[in-house]
Amino acid sequence: MMHTTFSSLSSTSPKLGEMALPQKLLGTKMDMPSTPVDSVKFGKTADIEFNEQYGTIGSAVWSNDVVIVPVYQTRGKFVVPKNMQLSEIAIETIQAMVKESGFTGKAGEQLTYRSKPKNQVLTWIGLGERAKTTPQKFKTIIETYLRGKPRQNMDDVAVFLPPATSALKKEAALEAIVSGAKQATYRTPIALDSKIKKLPALKTVSVYTGQNPMPKWQTMLNKALAITTAVSEAKDRANIPYDHIIPNEDRGMKVARIAEDAKALDGKYKNLRTTVQDHHWVKSNAPLLWAVGRGAEGVDPPKMIKVVYEPENLDNIQEEIALVGKGIMYDTGGVISKQDHMNNMSKDMSGGAYVLAAIEAIAKLKPANVRVTAYVPAAFNAMDEQSYVPDAVLQSDGLPVVKMDHPDAEGRLALAEALKLAKWDLRDNAQGKEIPQKIISIATLTGAARAAVGPNVLALADASKPGSVALQAQIQKLAKQWDEPFESLPIEAEDFDSIQTKGIDYAEISNIGSTRGIRGSQGAGAFLNASLHDMDRDPFLGDYLHLDMAGVMDDKNGNATAHGERTLIDYVMDEDQKLSTARK
């Protein structure tokens with residue numbers, strides 16, 4: 001549990017450059033455990049403590065090792081703000097530096113003044129034009145600056161919030177600072193010590209708001225920490241190779257491990273309930289998921305994971321949201337293997353990593369009006385004598401009969417079972433009441449999505465129902481501020497037609513059909529929609545949206561991106577805020 005003591009800055013401290021620096025920052029630090037980066041070898045990354053301080057930019061901040069003042073671009077010469085409480089000599093020196101460097105505050109531009117008493121650093125960082133400074137751009141500027149100072153004297157850093165604009169509100173700016181600092185020190189839990197030592201030795205970040213203490217700042221800080229921690233946790237789970245065994249732990253990143261992670265949430269948060277169904281349940285109740293994972297029955301059998309968040313007052317629930325994430329812990333491609341395309345298939349469970357990280361953040365943020373359930377159909381798509389093969393016929397209660405035409409189109413089979421379970425759970429929860437129901441699935445589903453929208457865009461596939469279109473628009477709007485581009489790939493009648501098993505008496509739909517290489521992402525979306533609605537025999541009456549994240553699964557270096565993680569959490573909190581407003 002984090003605690004922050006708020007306090008104001010002293011106005012009687014001496015000016016920087018005149019005499020000895022004042023006492024350390026007023027107020028106490030949070031009681032988060034702090035782990036110095038250089039002591040970490042395996043299993044952990046640095047925990048950064050975050051302070052909050054209030055008041056104008058005054059000389060009490062000069063007790064920090066580094067002070068960062070973000071500024072928007074100016075058309076003329078940059079002038080040191082009067083409230084910086086700098087000595088006349090310091091101001092003259094800085095203005096000479098401005099004249100020599102031509103500093104105007106362009107995006108990423110830096111102007112650094114180093115004080116002589118304790119070799120402390122004051123850096124102005126350019127944000128660029130006000131109207132074009134998004135939270136993601138601000139976050140990147142902070143992260144780039146901090147990451148570029150490895151092993152330097154940066155234990156304690158102060159960062160000032162820039163003036164709010166329509167493009168960068170204070171809440172988003174605070175999250176950008178927290179996220180930038182955390183990601184600047186991020187390494188996977190299995191990072192080598194030699195790699196970690198290249199990161200900044202950052203322990204404490206103090207954020208100065210320039211305003212008097214207000215309770216909302218604590219709420220804003222908690223949200224920023226919850227979201228940025230979720231991003232790191234999603235990356236952690238996706239980045240660990242499937243068969244890597246962490247020293248002193250008898251676990252790799254397996255189906256068993258992600259199930260243990262989900263169970264741990266149950267004991268950690270009172271508002272979460274976790275259910276993990278074992279392979280015996282899967283075999284009887286989710287045959288499509290069983291087919292995908294039965295090849296690994298002897299070493300890492302499939303499981304169905306469900307984590308439910310409920311607000312304290314169940315009578316306040318006005319909306320049900322299900323988040324479904326693909327949890328294929330490793331994908332060999334099945335008996336038609338990927339051959340040399342199996343690299344990074346440990347990240348085929350990224351969708352599952354996303355929704356587990358999201359549900360934990362939601363438990364911390366405690367929305368009052370929504371119930372949220374995360375589903376992870378988890379399996380290892382392995383090859384052995386009982387692996388499913390092309391031409392297999394797969395039957396599951398409540399789903400269309402499937403002709404299995406390609407074993408590497410396994411994710412949609414696993415998701416179909418989770419979507420069915422989500423639909424039935426939502427119906428039971430509603431108990432006949434008319435309550436809005438939303439399902440969002442996210443998965444590294446098709447290479448076709450990457451081909452269609454590129455390597456930096458997450459594809460949206462929907463059935464073009466009015467409610468789904470509105471859901472899509474809301475998701476895209478929320479994602480825009482964090483520069484997490486989403487592009488729509490609407491599902492058309494031809495996509496549903498492409499998966500029909502015409503002329504075959506023993507099946508209704510194919511798991512790939514005629515979409516191979518052509519409209520592949522839309523074909524997969526059609527399969528999920530057909531499964532969710534059971535060919536219109538048992539339709540889901542709520543809104544559904546599928547997010548195909550295959551193109552944004554990893555960056556150019558093969559590291560997980562967590563692209564879209566913030567958007568999932570922001571969507572839930574945005575819905576809760578709307579419901580709270582409507583209740584008033």
Side-chain angles (χ1 to χ4, degrees), residues 32-48 139-140 143-144 146-148 150-151 178-203 225-262 264-265 300 325-331 342-358 360-361 376 378 380 444 549-550 552-566:
M32 294 173 60
S34 179
T35 307
V37 179
D38 55 9
S39 70
V40 178
K41 292 185 178 179
F42 288 97
K44 293 181 180 179
T45 53
D47 290 324
I48 305 170
K139 175 253 179 188
T140 300
E143 178 181 349
T144 301
L146 294 177
R147 188 176 279 268
R151 302 291 98 194
V178 174
S179 180
K182 278 186 145 320
Q183 293 308 307
T185 62
Y186 176 79
R187 285 291 186 197
T188 65
I190 58 173
L192 299 176
D193 189 50
S194 60
K195 300 284 187 179
I196 293 175
K197 285 184 176 180
K198 295 181 180 180
L199 297 175
L202 181 60
K203 298 176 185 176
L225 286 168
I227 292 177
T228 54
T229 299
V231 169
S232 292
E233 289 179 348
K235 287 184 176 182
D236 281 349
R237 291 191 178 104
N239 277 330
I240 300 177
Y242 174 80
D243 62 352
H244 185 92
I245 303 298
I246 296 177
N248 303 319
E249 294 189 32
D250 187 23
R251 322 186 285 174
M253 178 44 92
K254 309 175 183 179
V255 175
R257 177 167 185 172
I258 198 169
E260 290 174 15
D261 287 349
L265 296 179
D300 199 17
K326 174 183 171 184
I328 304 303
M329 307 308 292
Y330 192 85
D331 180 20
M342 279 192 275
N343 290 349
N344 268 346
M345 280 300 103
S346 292
K347 295 185 179 65
D348 210 26
M349 47 67 69
S350 294
Y354 278 34
V355 300
L356 277 188
E360 182 171 6
V376 181
F380 172 21
T444 52
M549 56 169 291
V552 296
M553 174 180 72
D554 50 17
D555 59 23
K556 63 182 180 180
N557 297 315
N559 296 312
T561 63
H563 182 122
E565 177 69 38
R566 278 186 179 86

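Since the structure is predicted, the reported quantities are computational estimates derived from the model, not experimental observations.
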Review point. Can you tell me if Tyr354 uses its side chain to pair, donor with acceptor, with the backbone of His563 under 3.5 Å?
Key: yes
Check your understanding: Do Met349 and Ile328 have side-chain heavy atoms sitting under 4.5 Å apart?
Key -> no
Point to revise | side-chain hydrogen bond (donor to acceptor under 3.5 Å, both in side chains) partners for Thr229, two or more places apart | key: none
Check your understanding: Where do Val376 and Gly327 come nearest, in terms of heavy atoms and distance?
Key -> CG1-CA, 3.9 Å
Review point. Where is the tightest heavy-atom contact between Met549 and Gly351, given as atom of each residue plus distance?
Key: SD-N, 4.1 Å
Check your understanding: Between the side chain of Arg147 and the main-chain N/O of Gln183, is any donor-acceptor distance below 3.5 Å?
Key -> yes
Exercise for review: Tell me, please, which residues at least two apart from Glu143 pass side-chain hydrogen bond (donor to acceptor under 3.5 Å, both in side chains).
Suggested key: Lys139
Check your understanding: Of the non-hydrogen atoms in Ser350 and Ala238, which two are nearest, and what is the gap between them?
Key -> OG-CB, 3.7 Å
Exercise for review: Taking side-chain contact (heavy atoms from CB on, under 4.5 Å) as the test, write out the residues that go with Ala357, two or more places apart.
Suggested key: Ala230, Glu233, Ala234, Arg237, Glu565
Review point. Can you name the residues that form a side-chain contact (heavy atoms from CB on, under 4.5 Å) with Ala550, not counting sequence neighbours?
Key: Asp548
Review point. Would you say the side-chain atoms of Thr561 pair up with the backbone N or O of Val552, donor to acceptor, closer than 3.5 Å?
Key: yes
Study note, to complete from the structure: In short, Ile240 meets Arg257 closest at the heavy-atom pair CD1-NH1, 4.2 Å
Practice item. Would you check if Lys254 and Met329 make a side-chain contact, meaning some heavy-atom pair closer than 4.5 Å? Key: no
Practice item. Supply the atom-to-atom distance Thr188 OG1 to Ile196 CD1, rounded to the nearest 0.5 angstrom. Key: 7.5 Å
Practice item. Only counting residues at least two apart or in another chain, list the ones meeting side-chain contact (heavy atoms from CB on, under 4.5 Å) with Lys198. Key: none
**Study point:** Minimum heavy-atom distance between Thr444 and Met553, given as atom pair plus value
**Key:** CG2-SD, 3.7 Å
**Study point:** Under the side-chain hydrogen bond (donor to acceptor under 3.5 Å, both in side chains) test, residues paired with Thr228 that sit two or more places apart
**Key:** none
Review point. What's the shortest heavy-atom distance between Ala560 and Asn239, and which atoms?
Key: N-OD1, 2.8 Å
Practice item. Could you tell me whether the side chain of Asn559 reaches within less than 4.5 Å of the side chain of Tyr186, counting heavy atoms only? Key: no
**Study point:** Leu146 side, atom CG; Leu202 side, atom CG - distance, nearest 0.5 Å
**Key:** 6.0 Å
**Study point:** side-chain contact (heavy atoms from CB on, under 4.5 Å) between Lys182 and Val231, worked out
**Key:** CA-CA 10 Å; Lys182 278 186 145 320; Val231 169; over 6 Å; no
